[in-house]
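Have a look at the structure below before the remarks.
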Amino acid sequence: MDTIIIRVILLRMKRISMKNNELDKNLVRRGRWGQERRLEFIDSRLAWEGRLNRAALTEFFGISVPQASLDLAKYMELAPTNTEYNPSQKTYMALPSFRPVFADASSSRYLAELYALTMGVLSPDLSFLGTTPSADVVRHPTRTVPETHLRQTLAAIRNRHALLICYQAMTHPEPTERLISPRALGYDGARWHIRGYCHLRRGYRDFVFARILAMSPGVAPEYSAPEDEEWNHVLEIILGPHPDLTEGQRRAIALDYGMEQDRLVVRTRQALAYYLLNRLGLASSGPRSPAEQQIVLLNREELVPYIPTLAESP
């Protein structure tokens, strides 16, 4: 019986040790951050929660109370009109004159971080947001990117080496072997692809990661790949509300997209322009009603030389 009790105690001690080790890892990970990061933390919490106390700093960074007091004093020295201590609530409150000094307090940054937290991409112990609202996102089907293929691609881009890939294209019934020189990565809003020079086609192409069946180091021919002009060239895509919408509807669309005088200019690489227009429903041919297509492309004719498929669309 004594032996069983000892084993149970040892097992519990092991579990506690594992839990403490995990906590220690989190504290070590945060503890490497210096005072500048802690000042950013203070700035962020004041921006989005309007308040902050010493416990938030000590718990998040694993620092002592005196160190937290020094950090808050430093923050008040650098941003004297941002916060003051409220003795009754024992917390630092954001003042009406608060202006962020260290943190990016834009709504786009907050929502991007909330998105990352919701999707599990960012660990909560690394986020400065604190208490967040209940949130969720629409889960789209995702394309897989094998870690081994990504590592090989990054190394090839970094060292300007070639890769030999087995690729399943939409235009071929069977996979084909391609020798490519990767130059960049692209994301079309749904999937990641390699932007690289195809030595078979003698031109730059996009290779979707999920369609690469095999990848290995390759040896490029002696001639060097030319510059990727479509990647380096930036286009301006000018959007506006559909003219057949009512005045109120056009105003709503302008507000949705942040348009000024019913115009929005989006700058994008030529190599990515088709993907942008496709996601906006502006790359397909055939008439569509205003209810289906609420925005229109205002500079279509100017873009045809760079995006030939637009010539096929009205």
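Side chains included, hydrogens not; waters and symmetry mates left out as well; all remaining heavy atoms used.
- Taking OG1 of Thr144 as the start and CD1 of Ile212 as the end, the distance is 10.5 Å to the nearest 0.5 Å.
- In this structure, the side chains of Leu39 and Leu78 come closer than 4.5 Å at one or more pairs of heavy atoms.
- The closest side-chain heavy-atom distance from Leu239 to Leu298 is not below 4.5 Å.
- Formation of a donor-acceptor pair under 3.5 Å by the Ser44 side chain with backbone atoms of Glu40 is not found in this model.
- A 6.0 Å sphere centred on CD of Gln168 holds more than 12 heavy atoms belonging to other residues, nucleotides or ligands.
- Within the 4.5 Å cutoff, the side chain of Leu264 has no heavy atoms near those of the Ile295 side chain.
- Of the N and O atoms on the side chains of Thr176 and Arg178, at least one donor lies less than 3.5 Å from an acceptor on the other residue.
- Between Pro241 and Val296, the shortest heavy-atom contact is O-CG2, 3.7 Å.
- Aromatic rings from Tyr306 and His233 are positioned such that their centres are separated by under 6.0 Å.
- Two residues are said to be in side-chain contact when any heavy atoms from C-beta on lie closer than 4.5 Å; Ser181 and His199 meet this criterion.
- Taking the side chain as every heavy atom from C-beta outward, Ile42 and Thr83 never approach each other to under 4.5 Å.
- Taking the charged nitrogens against the carboxylate oxygens, Glu247 and Arg250 have no contact shorter than 4.0 Å, which rules out a salt bridge.
- A salt bridge does not link Arg269 to Glu229: none of the charged nitrogens lies less than 4.0 Å from a carboxylate oxygen.
- Side chain of Gln261 to backbone of Arg263: no donor-acceptor contact under 3.5 angstrom is found.
- A donor-acceptor pair under 3.5 Å links the side-chain atoms of Gln293 to the main chain of Leu280, judged by distance alone.
- By the 30° and 60° cut-offs, the orientation of the rings of Phe128 relative to Phe60 is perpendicular.
- Side-chain N/O atoms of Asp104 and Tyr110 include no donor and acceptor closer than 3.5 Å.
- In this structure, the side chain of Asp228 does not engage the main chain of Gly196 through any donor-acceptor pair within 3.5 Å.
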Practice task
Decide side chain to side chain contact (heavy atoms under 4.5 Å, CB included) for Leu57 and Gln67; before the verdict, give the C-alpha distance in whole Å, the side-chain angles of both, and the deciding distance to 0.1 Å.
Solution key: CA-CA 9 Å; Leu57 281 164; Gln67 181 60 62; over 6 Å; no
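- Here the side chain of Ser127 pairs a donor or acceptor atom with the backbone of Leu129 at under 3.5 angstrom.
- Within the 4.5 Å cutoff, side-chain heavy atoms of Pro182 are placed close to those of Leu163.
- When all heavy atoms of Asp262 and Ala254 are compared, the closest pair comes out as OD1-CB, 3.8 Å.
- Note on ring orientation: taking the six-membered ring where Trp is involved, the planes of Phe41 and Phe61 are perpendicular (angle over 60°, cut-offs 30° and 60°).
- Annotation: Trp192 is in aromatic contact with Tyr187 [ring centroid separation under 6.0 Å].
- Counting only N and O atoms by type, the side chains of Asp71 and Gln35 include a donor and acceptor under 3.5 Å apart.
- Residues Thr268 and Val234 fail the side-chain proximity criterion, which asks for heavy atoms closer than 4.5 Å.
- Side-chain atoms of Glu49 come within 3.5 Å of backbone N or O of Thr131 as a donor-acceptor pair.
- In this model, a donor atom of one side chain and an acceptor atom of the other lie less than 3.5 Å apart for Ser69 and Arg54.
- The shortest side-chain heavy-atom distance between Ile194 and Val208 does not fall under the 4.5 Å cut-off.
- His172 places no side-chain N or O within 3.5 Å of a backbone atom of Glu174 that could act as its donor or acceptor partner.
- Side-chain N or O atoms of Asp43 include one that pairs as donor or acceptor with a backbone N or O of Ala103 at under 3.5 Å.
- A cation-pi arrangement is absent between Arg183 and Phe207 under the rule of less than 6.0 angstrom and at most 45 degrees off the ring axis.
- Residue Arg37 qualifies as enclosed at atom CZ: its count of foreign heavy atoms under 6.0 Å is above 12.
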Problem - Evaluation steps, salt bridge (Lys or Arg N to Asp or Glu O under 4.0 Å), between Glu113 and Arg109 - result: CA-CA 6 Å; Glu113 194 163 330; Arg109 170 59 187 268; 3.4 Å; yes
Exercise for the section: Apply side chain to side chain contact (heavy atoms under 4.5 Å, CB included) to His161 and Gln152, showing your working. Expected result: CA-CA 10 Å; His161 290 168; Gln152 286 180 282; over 6 Å; no
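- For the ring-ring contact (aromatic ring centres under 6.0 Å, His included) criterion with His193, the lone passing option out of Phe209, Tyr275, Tyr167 is Tyr275.
- Side chains of Gln89 and Arg51: a donor on one and an acceptor on the other come within 3.5 Å.
- Residues Tyr75 and Tyr92 place their aromatic rings such that the two centres sit no closer than 6.0 Å.
- Of all the heavy atoms in Pro80 and Leu95, the pair that sits closest is O-CD1, 4.5 Å.
- Counted by atom type alone, Gln249 and Thr246 present one or more donor-acceptor pairs between their side chains at under 3.5 Å.
- Not a single donor-acceptor pair under 3.5 Å links the side chain of Ser123 to the backbone N or O of Leu126.
- At distances below 3.5 Å, not a single donor-acceptor pair connects side-chain atoms of Asn278 with backbone N or O atoms of Ala283.
- Smallest separation of non-hydrogen atoms from Tyr197 and Ala225: CG-CB, 3.6 Å.
- Under the 6.0 Å cut-off for aromatic ring centres, Trp231 and Tyr204 do not qualify, their centroids lying 6.0 Å or more apart.
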